[in-house]
Amino acid sequence: MKIRDAKVGDIEAIHGLISEYAEQDRMLFRSISDMYEDVRSFVVAEMEGKIVGCCALKVIWGDLGEIQSLAVAKEYFGKGLGRALVQGCMERARELGLEKLFTLTLEPAFFEKNGFVKVDRGTLPMKVWSDCARCPKQDQCDEVAMIRIL
Ligand SMILES: CC(C)(COP(=O)(O)OP(=O)(O)OC[C@H]1O[C@@H](n2cnc3c(N)ncnc32)[C@H](O)[C@@H]1OP(=O)(O)O)[C@@H](O)C(=O)NCCC(=O)NCCS
C-alpha cells in the first residue's frame, strides 16, 4: 500500500469513493469539478494500482488547516489506511508550516485515536464556515468539531 499525492487520473476514483459514502449521509458530497480544482489538496492510498482511500488538506488561514474528505474503501477498513491518510495530510501540513488542524466529522472516535480532541465549534474562525453556506445540512449540522495541534 502506498500513500501518495493525488494526480488528475485519480479523480474519478476519488469521486466514486466519496460519493458512495455521501449517498449514505456519512460525509459531504463533492462535485467532480471541485475535485479537479482541488487535486493538489488530496493524498490517496493506492493498493495494487487501485485507489482505495483518499483524504484532503485545506489551508484555512494563518497556521490553521482542515482535514476533509477522508474515505477508505469498505473492503479495506481496519487495516490502518485511514490513519496513514491522516498522517500523510499531517506531514504535508507540517511542511507548509501549519500548526493546527481541525476537522468536522461524524467519526469522532476515529479522530480521537489520531490525536484530535473535541472543541466547541464556536472557537473555530469564521472563515471555516464558508463551505457551510453551501451545505444542505447547514441548519441541522450533526458534525463534531475536533482539533489537533501539530
Ligand atoms: C473512518 C474511516 C476513514 C476509518 O478508516 P480505517 O482505514 O478503517 O481506519 P484505521 O484502520 O486506520 O483505524 C485506525 C484506528 O481507528 C480505529 N477506528 C477506525 N474506524 C473507527 C470508527 N469508525 N470508530 C472508532 N474507531 C475507529 C481503528 O480501530 C484503529 O484503532 P487502533 O489504533 O486502536 O487499532 C473509514 O471507516 C471510512 O472511510 N468511513 C466512511 C467515510 C467516513 O466516515 N469518513 C470520515 C469523514 S467524516
> Mind checking whether Leu96 and Leu57 have side chains closer than 4.5 Å, heavy atoms only?
Replying inline: yes
> Does some side-chain heavy atom of Phe102 sit less than 4.5 Å from a side-chain heavy atom of Leu124?
Replying inline: yes
> So Cys54 and Val43, side-chain contact (heavy atoms from CB on, under 4.5 Å) or not? Walk me through it.
Replying inline: CA-CA 6 Å; Cys54 62; Val43 295; over 6 Å; no
>> Side chains of His15 and Ser31, heavy atoms from C-beta outward: is any pair under 4.5 Å?
In response: no
>> Do Leu64 and Pro125 have side chains that approach each other closer than 4.5 Å (heavy atoms only, starting at C-beta)?
In response: yes
>> Quick test of your reading: applying ring-ring contact (aromatic ring centres under 6.0 Å, His included), list the pairs with at least one residue in residues 47-92, sequence neighbours left out, ordered by first then second residue.
In response: none
> Distance-only, no hydrogens or angles: does the Thr123 side chain make a donor-acceptor pair with backbone N or O of Asp120 under 3.5 Å?
Replying inline: yes
> About how many Å separate CG of Leu85 and CD1 of Ile3, when rounded to the nearest 0.5 Å?
Replying inline: 4.0 Å
>> Filter on salt bridge (charged side-chain N to carboxylate O under 4.0 Å, His left out), then keep only pairs touching residues 6-19, sequence neighbours left out; what's left?
In response: Arg4-Asp10
> Between Tyr21 and Ala73, what is the shortest heavy-atom contact and its length?
Replying inline: OH-C, 3.7 Å
>> I need the full list of side-chain hydrogen bond (donor to acceptor under 3.5 Å, both in side chains) pairs touching residues 88-109, with sequence neighbours left out, sorted by first then second residue.
In response: Asp5-Arg92
> From Met27 CE over to Ser69 OG, what is the distance, rounded to the nearest 0.5 angstrom?
Replying inline: 5.0 Å
>> If the condition is salt bridge (Lys or Arg N to Asp or Glu O under 4.0 Å), which residues does Arg83 pass it with, not counting sequence neighbours?
In response: none
>> If the condition is side-chain contact (heavy atoms from CB on, under 4.5 Å), which residues does Val117 pass it with, not counting sequence neighbours?
In response: Ile147
>> What verdict does the side-chain contact (heavy atoms from CB on, under 4.5 Å) test give for Gln68 and Ser41, after you've listed the backbone C-alpha separation in whole Å, the side-chain angles of each residue and the deciding distance to 0.1 Å?
In response: CA-CA 9 Å; Gln68 295 183 328; Ser41 303; over 6 Å; no
>> Run Met90 and Leu150 through side-chain contact (heavy atoms from CB on, under 4.5 Å) and show every step you take.
In response: CA-CA 8 Å; Met90 285 202 273; Leu150 293 175; 3.8 Å; yes
>> A side-chain contact here means heavy atoms from C-beta on lying under 4.5 Å apart; do Ile14 and Met35 qualify?
In response: yes
> So how far is it from Arg30 CZ to Ser19 OG, rounded to the nearest 0.5 Å?
Replying inline: 11.0 Å
> Looking only at heavy atoms, which two atoms of Val8 and Tyr36 are closest? And how far apart?
Replying inline: O-CE2, 3.7 Å
> Between atom CG of Leu106 and atom CZ of Phe110, what is the distance when rounded to the nearest 0.5 Å?
Replying inline: 13.5 Å
>> If you compare all heavy atoms of Arg148 against all heavy atoms of Gly115, which two are closest, and at what distance to 0.1 Å?
In response: CG-O, 3.5 Å
> So if you build clusters from Ile, Leu, Val, Met, Phe, Trp, Tyr with side-chain heavy-atom gaps below 4.5 Å, do Val72 and Val86 land together?
Replying inline: yes
> What distance do Leu70 atom CG and Cys89 atom SG have between them, rounded to the nearest 0.5 Å?
Replying inline: 8.0 Å
> Atom CD1 in Ile32, atom CD in Glu37: separation rounded to 0.5 Å?
Replying inline: 12.0 Å
>> Can you tell whether the side chains of Lys50 and Glu75 come within less than 4.0 Å, N to carboxylate O?
In response: yes
> Is any side-chain heavy atom of Val144 closer than 4.5 Å to a side-chain heavy atom of Phe111?
Replying inline: no
> Taking all atoms of both residues into account, what is the closest heavy-atom pair of Ala6 and Val44, and its distance?
Replying inline: CB-CG1, 3.9 Å
> What residues form a side chain to side chain donor-acceptor pair (under 3.5 Å) with Glu20, not counting sequence neighbours?
Replying inline: Lys74
> Is the shortest distance from a Lys or Arg side-chain nitrogen in Lys58 or Asp38 to a carboxylate oxygen in the other one below 4.0 Å?
Replying inline: no
> Can you find a pair of side-chain heavy atoms, one from Glu112 and one from Met146, that are under 4.5 Å apart?
Replying inline: yes
> Do Ile67 and Cys55 have side-chain heavy atoms sitting under 4.5 Å apart?
Replying inline: yes
